[in-house]
Amino acid sequence: MPASRTVEVLPTSADLFHAAAEEFVRAGNAAIARHDRFTVALSGGSTPKTLYSLLAKEHARFTWRKTFLFFGDERHVPPDHPESNYRMVNESLLTKISMPPKNVHRVPAENRDAHAAAAEYEENLHKFFELRTGEFPVFDLILLGLGTDGHTASLFPNSQALKEQSRLVVANWVEKFNAYRITFTYPVLNHASEVLFLASGADKVQVVSVVLEGENNPPYPAQRVRPTDGKLLWMLDQAAADRLIS
Ligand code: 6PG
């Protein structure tokens, strides 16, 4: 079991994203008070876009200059591609706040060689966190989403990256997309000080109930995110939480 797991259910998706924005800012201020910087890995997909827009709109005065943004995963596409998580974050957040460009660490996914892109991003983590061999970065906050197949970041069921225990970032072949994704591995996710899962909407109700209260054999990838010495927080709207018992 992780150090602590909390599940917060908000009545509506609007309430969910407001609460998530408050949690982002709370975690950020606590990290900056603790060690004068806030390291956060963002999630992609459609769910967090509203959160990023809200952060830009309601928290433009947050201490972005002491915030360092990374990406928990990325599609193997250039940064201007419609599928790019970086593009989504750039349009919904970065272009609307004043953050030093050097604070944004995007995945170099334009590199046609996905393995080389993953290795370069891993090197970036090593340098930024000044890691010695065998050490893992400790992010202050990692945002994660949840796919209806139980995947998170780009750790998909039955994919190679699920087995990775020493690399920080890998290129993961995803059969159903016939493409690579570049993703953080479990050791990075499970060394975080806080992991915040966001799930919204009725289409997530089944997978949420299995991930939080059910058994799946093998476990869904999201069920293996258990920060060893950190906080695990699930924020859901009622529509996604409707089948939860407790
Ligand atoms: C990505 C994400 C992925 C996402 C889930 C949920 O790059 O797609 O990082 O893990 O969080 O697929 O996606 P939705 O929010 O679109 O349902």
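Values below: every heavy atom of this structure, side chains too, minus hydrogens, waters and symmetry copies. Counting starts at 1 for both ligands and their atoms, in listed order. In what follows, residues are counted from 1 in the order of the sequence shown.
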* Asked: If we ignore angles and hydrogens, is there a donor and acceptor under 3.5 Å between the side chains of Gln238 and Asp242?
  ->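 The answer is yes; a qualifying pair exists.
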
* Asked: Does one side chain, of Ser159 or Asn172, offer a donor that lies under 3.5 Å from an acceptor on the other?
  ->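 There is such a pair (donor and acceptor under 3.5 Å, judged by atom type) between the side chains of Ser159 and Asn172.
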
* Asked: Do the rings of Phe139 and Phe129 sit parallel, tilted or perpendicular, given the 30° and 60° boundaries?
  ->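 Geometry flag for Phe129 against Phe139: perpendicular rings.
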
* Can you name the nearest heavy-atom pair linking Ala114 to Ile182, along with the distance? ->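 Looking at all heavy atoms of both residues, the closest pair is O-CG1, 4.1 Å.
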
* Glu135/Arg132 salt bridge by N-O under 4.0 Å criterion ->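 The answer is yes: the pair qualifies as a salt bridge.
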
* Asked: Does atom NZ of Lys176 have more than 12 heavy-atom neighbours, drawn from other residues, nucleotides or ligands, at distances under 6.0 Å?
  ->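 Correct, the count exceeds 12.
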
* Return the protein residues near ligand 1 (heavy atom under 4.0 Å from any of its atoms), ordered by chain and residue number. =>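 Within 4.0 Å of ligand 1, the protein residues are Gly44, Gly45, Ser46, Thr47, Asp73, Arg75, Asn85, Gly145, Leu146, His151, Thr152, Ala153, Arg181, Lys204.
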
